2 protein chains.
Amino acid sequence: MPPSPVRSRATGRITLADVARAADVSPITVSRALRGERAVDPELVARVKAAALRLGYVPDPAARALASRHSTHVALLIPMLSNALFVDLLEGVQRTLRPAGYQTLIGVTHYDAGEEEQLLREQLQHRPAGLLVTGLQRSETTRALIEASGVPCVHLMETSTSPDVHCVGFSQADAAAALTRHLIGHGHRRIAFAAAQLDPRTLQRLDGWRREMQAAGLHAPTLEWVNPAPSSLALGGTMFEQIVAQTPPVEAIFFCNDDLAQGALLAALRLGVPVPQRVAVAGFNDLTGSDQMVPPLTTVRTPRAAIGIAAAGMLLALMRGEAVPASCVDLGYEVIARQSA
Amino acid sequence: MPPSPVRSRATGRITLADVARAADVSPITVSRALRGERAVDPELVARVKAAALRLGYVPDPAARALASRHSTHVALLIPMLSNALFVDLLEGVQRTLRPAGYQTLIGVTHYDAGEEEQLLREQLQHRPAGLLVTGLQRSETTRALIEASGVPCVHLMETSTSPDVHCVGFSQADAAAALTRHLIGHGHRRIAFAAAQLDPRTLQRLDGWRREMQAAGLHAPTLEWVNPAPSSLALGGTMFEQIVAQTPPVEAIFFCNDDLAQGALLAALRLGVPVPQRVAVAGFNDLTGSDQMVPPLTTVRTPRAAIGIAAAGMLLALMRGEAVPASCVDLGYEVIARQSA
DNA sequence: CTGAAAGCGCTTACAG
DNA sequence: CTGAAAGCGCTTACAG
């Protein structure tokens with residue numbers, strides 16, 4: 001005889017209580033056994049796990065979040081998904097977080113500090129278990145919001161010497177300096193730096209180039225071409241056209257991003273400007289297509305997928321309350337010499 | 001005198017009960033007033049809203065999900081984020097869903113039916129309020145999973161005549177046929193179709209090309225070049241090289257995707273094959289950079305951002321239990337004639 | 001139109 | 001090492 005289910009709101013879902021009944025233990029023991037929390041008699045653990053498997057039990061994330069005050073969400077704040085760099089980063093993050101039972105909530109800031117703050121507020125309402133943010137620089141309010149939330153946070157793409165901040169990345173300035181040395185090593189003297197978007201990492205690359213040029217006694221303010229507009233192939237073409245018209249002639253152009261450099265290479269083809277004979281062209285990031293350009297683009301390969309994986313791994317440790325070996329991981333970079341410079 | 005908070009687990013968060021106390025009504029009235037559900041005295045609504053605002057009340061999504069059995073998450077299943085098409089789609093979706101209070105959970109299927117099924121299972125555990133899936137074709141199990149979940153679902157990128165399925169897209173076959181007519185109209189007779197990835201939408205484009213070629217009496221099996229490998233610039237170059245070597249000579253190549261076509265254009269430059277004089281080249285989707293190629297790429301512009309917006313809008317209506325004017329929305333396409341064909 | 005009660009499915013805090 | 005009780009912050013179902 002079935003019990004008369006007055007006022008039943010049951011979802012039909014298999015619950016912790018069902019597993020407890022099947023394993024003949026209390027619900028709390030099931031909870032502990034399944035989460036591997038605290039010491040539980042190994043024999044009970046086995047019994048519970050068998051029962052859970054048999055019944056096809058799946059914990060309810062909402063109930064878990066409500067009771068524990070932590071969801072299984074990780075908020076990821078990135079500037080732009082149309083930059084392939086961040087797609088690779090995201091893939092690395094998800095590949096690490098998903099098997100560990102965490103969902104990634106993506107927030108696209110469009111390089112806007114206000115939007116980042118707004119997104120963070122929204123995400124924080126969902127009590128994320130962890131935070132992954134791009135770069136170290138942000139509004140004071142956003143910084144305070146992160147701090148006050150107490151949610152573990154890892155910073156992506158840059159490095160820091162502060163022991164208080166967790167980060168995984170590489171030195172944008174050093175990478176730019178290395179490419180600049182490569183260009184100088186090829187005998188170029190008048191090496192322009194062309195930048196768009198002007199986000200913090202772009203400016204760090206500008207610094208790296210400037211540092212190297214000054215050390216070699218080659219720096220001149222007229223070699224700096226910066227444009228706050230969003231980065232695009234078309235803009236790269238326009239900038240190339242302008243820079244190539246300069247006198248005395250520029251011998252090499254270091255674009256802060258492969259987008260820009262690819263656009264420059266296409267403009268060179270249109271204009272009939274031989275690269276690298278008349279002017280060498282280099283980029284940054286080694287994005288899709290850079291190896292296919294005519295001529296193939298010299299650039300810096302950056303380990304964004306590895307950054308995503310390592311940062312997610314570090315966050316996993318922090319969320320579990322484990323110690324991390326180092327608060328900041330430097331994953332380096334690699335100059336890729338092709339034919340354009 | 002403060003109450004002695006024995007066994008307190010309070011989060012410090014402002015709750016519905018706090019607002020109820022402040023507005024001097026019952027918690028359930030606050031709940032109804034804030035959600036706009038059922039009829040509530042306008043004066044009470046105003047009082048509640050004022051109190052909520054004053055206290056800075058923010059509903060707890062976990063509690064809400066647990067009680068209502070629906071989260072505020074929408075699961076979005078897409079094949080790949082490295083295809084810019086889906087980035088645009090995603091942006092459109094988020095731009096519509098976020099202001100309405102929904103979070104987008106992105107699942108990347110990598111064009112794999114098994115992975116899609118696995119992702120869907122995981123997402124469904126989180127009781128999403130809505131589902132957004134790419135295309136109409138999927139495994140029987142996945143289809144059954146969606147059906148059984150009872151979660152509103154909108155299909156993206158394709159159109160259907162079935163009244164049972166909600167979708168927003170355009171006819172991939174018609175779009176391909178239109179581009180094929182454009183090529184035929186330019187006097188080309190031997191028009192090859194070159195495809196990679198071979199996902200359902202690619203095959204629909206193949207059908208559209210085939211239909212048009214047959215209608216014009218121009219179809220030949222040797223004009224079909226299909227490669228199951230993932231689409232890339234490099235593959236486009238390789239395919240171009242192969243197709244151009246064919247005798248009798250192919251006069252035009254319709255690549256199923258701009259990636260491939262861009263790679264072909266770059267290969268043509270490398271090989272010194274004049275486009276469109278020796279062979280015309282066309283693509284599909286009008287991706288970033290296609291207008292910058294040398295020569296600029298003739299292609300079909302597809303309304304993916306608009307699809308994201310419209311599909312999210314339709315899903316919003318379905319989630320609210322509202323009727324939608326049409327179960328399927330066709331957003332069309334546009335042939336973009338540039339210099340490559 | 002409004003509310004008291006119960007319940008969603010977990011985990012925390014306390015006790016033993 | 002294990003458990004009974006309470007509670008997380010909402011909404012459903014019922015009643016009036």
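All figures in this text were calculated on a predicted structure; none of them were measured in a lab. Below, chains carry the letters A, B, ... as their sequence lines are ordered, and counting in each starts from 1. Side chains included, hydrogens not; waters and symmetry mates left out as well; all remaining heavy atoms used.
- To the nearest angstrom, P of C:dC10 lies 19 Å from NE2 of A:His70.
- With contacts defined as side-chain heavy-atom distances shorter than 4.5 Å, the pair A:Val87/A:Leu81 qualifies.
- Residue A:Val30 forms a side-chain contact (heavy atoms from CB on, under 4.5 Å) with just one option from A:Leu44, A:Val48, A:Val45, and that option is A:Val48.
- Checking the phosphate oxygens (OP1, OP2) of C:dT11, a side-chain nitrogen or oxygen of A:Ser31 falls inside 4.0 Å.
- Within residues 52-59 of chain A, the residues approached by DNA chain C to less than 4.0 Å at the level of any non-hydrogen atom are A:Tyr57, A:Val58, A:Pro59, in residue-number order.
- Where A:Pro27 and A:Pro42 meet DNA chain D, the nucleotide closest to each residue was compared, and A:Pro42 sits on the side nearer the 5' end.
- Here C:dC10 presents its C1' atom at 15 Å from CD1 of A:Ile14, a figure rounded to the nearest Å.
- Rounded to an integer number of Å, the gap from CG of B:Asp41 to C1' of C:dG3 is 14 Å.
- Rounded to whole Å, the distance from CD1 on A:Ile28 to P on D:dA4 is 11 Å.
- A sub-4.0 Å separation between OP1 or OP2 of C:dT11 and a side-chain N or O of A:Arg35 is present.
- If you measure from atom CG of B:Leu16 to atom C1' of C:dA6, you get 16 Å, rounded to the nearest angstrom.
- Base pairing in DNA chain C yields stems of at least 3 consecutive Watson-Crick or G-U pairs, both distances under 3.5 Å, namely C:1-3 with D:14-16, C:5-12 with D:5-12, C:14-16 with D:1-3.
- For the OP1/OP2 pair of C:dG3 and a distance below 4.0 Å, the side-chain nitrogens and oxygens of B:Ser26 include at least one atom meeting the criterion.
- Note on A:Asp18 versus A:Arg13: no salt bridge recorded, every NZ/NE/NH1/NH2 to OD/OE distance being 4.0 Å or above.
- A:His126 and B:His73 have tilted rings, their planes meeting at an angle from 30° to 60° on a 0 to 90° scale.
- Within the 4.5 Å cutoff, side-chain heavy atoms of A:Leu120 are placed close to those of A:Leu124.
- Side-chain contact of A:Arg143 with A:Ser139: a donor-acceptor pair under 3.5 Å is absent, judged by distance alone.
- Separating the CG atom of A:Asp60 from the P atom of C:dG7 is a distance of 18 Å, rounded to the nearest angstrom.
- C:dG9 atom P lies 8 Å from atom CZ of A:Arg13, rounded to whole Å.
- Separating the CZ atom of A:Arg127 from the C1' atom of D:dC10 is a distance of 11 Å, rounded to the nearest angstrom.
- One side chain, B:Glu91 or A:His110, offers a donor N or O that lies under 3.5 Å from an acceptor on the other.
- The side-chain contact (heavy atoms from CB on, under 4.5 Å) test with A:Val93 is passed by exactly one of A:Val74, A:Leu132, A:Ile106: A:Leu132.
- Each of A:Thr29 and B:Arg64 has a nearest nucleotide on DNA chain D; the 5'-most of these lies closest to A:Thr29.
- Taking only distance into account, the side chain of A:Arg69 never meets the base of D:dG9 through a donor-acceptor pair shorter than 3.5 Å.
- Using a cut-off of 4.0 Å between Lys/Arg side-chain N and Asp/Glu carboxylate O, A:Glu117 and A:Arg121 are scored as salt-bridged.
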